[in-house]
Amino acid sequence: MIRQVARQRYLIDFTLASMMRRKVKNVVLFGVYFLIVFVLASVMLFGSAIRREAALLLANAPEVTVQKLVMGRHDMISGEHLEALSAIRGVRRAEGRLWGYLFDRGNGANYTMMVPPASDTTHAVGPGEAIVGSGIDRVKTIGRNEYLFLIAPSGRFFKFTVKERLPEGSGLVAADLVLISEADYRALFDLPDGVYTDLALSIRNEKEVATILGKAAKAVPNSRFVTRSSIARTYESIFTWREGVLLALLGAAILSFAILAFDKASGLSAEERREIGILKAVGWETSDVLTSKFWEGALISLGAFLIGLIAAYAHVFFFQAGLLEPVLKGWAVLYPDFRLTPHIDPLQVTTLAFFTIVPYTAATIIPIWRAAITDPDTVMR
Amino acid sequence: MIELQDVTKVYNEGRQNAFAAIRGVGITVGNDLTAVFKGPSGSGKTTLLTLIGCLARPTSGRVTLNGETISGLPEKFLTEIRRKTFGFVFQRFNLIRGLSARENVMLPAYPLGLDHAALTRRADELLDHLGLGSKGGLSVEHLSGGEAQRVAIARALVNDPEYVIADEPTANLDTKLTAQFLDIVRTLRAEGKTVIMTSHDPRIWQADIVDRVITLEDGLLTADERGAHAA
Amino acid sequence: MIFHPPILAILLASTLSLVTLVWASGFAARLVRKWDVASGHAGQIALEKRTYLVSTALVFVLALEAVSLILFTENAERMSVLFVGAMCAIGTLNVNAYGFPALILKVALFFGAAVWLIVNHADGLGRDYPLTRFKYGLLIALSPLVVAVAAVQFAYFYNLRADVITSCCSRVFVPNAGGLEADLSSLDPAFALGLLFGGLGVIAVLALAALRWRAGRLAYAAVSLVYFAAGISAVISVVSPYIYEQFHHHCPFCILKPEYGYIGYWLYLPLFVGTSAGLGLGALSLKRTPASLQEALPPFRRRLILTSLAGFGLFGAVALTAILRSNLIMFG
Ligand SMILES: Nc1ncnc2c1ncn2[C@@H]1O[C@H](COP(=O)(O)OP(=O)(O)OP(=O)(O)O)[C@@H](O)[C@H]1O
Ligand SMILES: [Mg+2]
């Protein structure tokens, strides 16, 4: 056992020295490997982070949202429809929602302003009070006195007492969120009474949504109905589709990488071939050479994989996936400001390892074996 | 003691260019003797050495080591036996560039997983013994031809083999270094090791330490004479 | 749903395993006919060299299959949100008729590959590679399995439809629901506990017999397999309710979740190791010990028996700990 460990140590030592002697070749391979892992990991981390955010968001979303359309654009909707809507059989509750964005010229941040629904008793806020998301503290020093100052679009100053800070859960839902009371909201945005951003319907049985929509459309003309499942489907298809296209492109990249690895592994230089011949002649066995080569592959693979993964993590969560934005930015239409919550999932890492380490290993097994079976007597020629 | 019985070696067997380099050779070597194979180029000297030293398996025939048949063993076991029984010195030294002299000497013992300190000590002792005590850390491409050969000899000795096999050991050496090589062989012989060489060089087969000179022609043994030492 | 990345990864793994094993069986067929270890002819030497490639490739396949098995269950777990009615892996596996067969076949393939590598190792201990023919026969026997895994698994993923309403552990593992799962859940807890811990006793006794007699080793292997099934049944019927601290939650997958400290892995990993070693021991005992292994095989067999015992023992210990730590009271 100890012998085996010592043997592995000798082989690793030898492998490292041998890799150092062929720096250029190994650096090229390592670089390409790193790039593949980096891009692939970025796409996967980004896609899953968005899906996670969306899932969290959707979990709290109402089954149906009613929006008023004026000339095809979203407009404030009157609360007088609420009665008719809640009268429809199968609708458990109809509520007007008030939410929107407030641009803070002072620091260029965009806040999501929202009135917590009456049904949400845990987040009830009184006049002059506010509940803020974790991101607000970062851009605006609320300080010890717990006051939040906001400038309304009209230019007026508002002062709120910060009642509570939302925990860091999901960046999307909570980070830039400010919850204030209905009266304050109307005052801040100069809204007349009785209008809402949209109306939310909660429905007893998800299977009845279609029937309810039919009735609601008659009750509230000039409006658009967005169901939770349609949002979910849109999300899924946007992300999966884009991710799929990207993955397909990457598939091609992985394939060419595997070919490169194969080529590098089979295109042994005369020098390397001679070295293996010498090793075999002085007493190494095929499996010793195989093991040594295995370590070489493992060092390159694991090194490139770990570094690529860490770089991708930083790229997605600290730099907002800047390099991928143009490709994957579909979601931004729905949510203008989107901070991703760092999150890493073992399943995803394993999958990623499969897409990189496995093709690499598969592509190099045969060339490595070919090199390892070099006859020991070749060095006598 | 190594015994070859009716051994043949065919290169590229089963193909158009099949070639029988050794054609039915029977010979026994060993017993603290220094033996030299001579013969024209292409007569099969190197091939016979690879068969004696278990670097290659004979196409047919039997090879025994101290009475035990080893010609039928798979590579794994043959290598095990070869590693502890034979040390090799090649004509072109075959050191691995980029590694130090010491590491080159240690190389054959790597798969054994010996204690690192002990192995390093052994390598240094061998180098010291061969007059290279100060060169252990030097990368081998900076060594002179004679030094390189002595590193190769140290490498051959690291696993303390019973036999040292050398193919054309002096082909790349001048007269002075050839004499130096023969001195090393003399010491090895005195330590009880069997040295088996091939050579084109009369200075080798006529040397006073050679017990036996065997002539090969066309893959067959044609003469087996006593050397200067025995005479 | 084929384009779901983990599914693509699993399919990639099974394709690679398939290609490797089909190729290797082709080689095996040639080898079984021509192998003659003592020959020095070019054909034999080429065969021998190729065996290194096969061994390496099979190590690769075993690693692939092991990771793929984990990926398969984890992914099923994760995809459960996509199916109405699914709450964990069970629901996802029940979306169509191929889910559970795929899982079972994958487990079988894992054991197959593990056994092969054990025999491979033993073969390498004898100077004339005495088990080579047997080993490559085994490889040929393994290839239909890998084909089945690839096919059933593909059918499973191909037929995953999000609009299917499936039934999950809360419904499948209910004593009066009917079917095998229900039988497993309704297994009398006391009986299941007896099976779990009594089985360990039987195994310990058989281990002693296995050290001495070939029949003992064969019996040990058979019992390992039975114990594997018994262990899983016990997990379903008693251990998992203890872990969930819910009398009626019988699920062999939810225990793999982080909420339960991944305790499932602590249970299954030793169980798989124990079973693999036991089965390997059995495979090595199918034939009389070859002359060249008379010396080297017994210590290796001892190591296998110890490994297997340790695996099963650890499984029992983890199960016991889970039961003792639980606040659920099932008896008394
Ligand atoms: N790998 C090979 N494939 C084909 N033929 C070979 C191979 N190796 C050696 N031979 C042939 O076998 C014959 C014997 O070769 P060997 O090297 O044993 O001769 P030698 O006596 O050592 O010659 P030299 O004195 O030139 O070193 C030669 O004709 C050579 O061409
Ligand atoms: Mg020659």
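In what follows, every chain begins at residue 1, and chains take the letters A, B, ... in the order their sequences are listed. Keep in mind the model is a prediction, meaning the values are calculated, not measured.
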Go through the atoms of B/Asp167 and report whether side chain, backbone, both or neither lie under 4.5 Å from a heavy atom of chain A. side chain

Under 4.5 Å from any heavy atom of chain B - which part of A/Ala17: side chain

Against chain A, label B/Phe88 side chain, backbone, both or neither, depending on which of its atoms sit under 4.5 Å from a heavy atom there. side chain

Portion of A/Arg9 that has a non-hydrogen atom of chain B nearer than 4.5 angstrom: neither

Evaluate the salt bridge (Lys or Arg N to Asp or Glu O under 4.0 Å) criterion for residues A/Glu296 and A/Arg22: first the C-alpha distance (whole Å), next the side-chain angles of each, then the deciding distance (0.1 Å), finally the verdict. CA-CA 12 Å; A/Glu296 181 174 328; A/Arg22 281 174 273 274; over 6 Å; no

Part of B/Arg155 lying under 4.5 Å from any heavy atom of chain A: side chain

Which of B/Leu119, B/Leu55, B/Asn159 touches chain A most, by non-hydrogen pairs under 4.5 Å: B/Leu55

For each of B/Leu99, B/Thr47, B/Val158, tally heavy-atom pairs with chain A at distances under 4.5 Å, and name the one with the top tally. B/Leu99

Pair count under 4.5 Å, heavy atoms only, with chain A: among B/Arg92, B/His116, B/Glu80, highest is B/His116

Interchain contact, A/Arg3 with chain B, by part (heavy-atom threshold 4.5 Å): both

A/Asp375, part contacting chain B, at a heavy-atom distance under 4.5 Å: neither

Looking only at B/Arg83, B/Glu75, B/Arg82, the option with the highest number of non-hydrogen pairs under 4.5 Å against chain A is B/Glu75

Name the region of B/Leu114, side chain, backbone, both or neither, that has any atom closer than 4.5 Å to a heavy atom of chain A. both

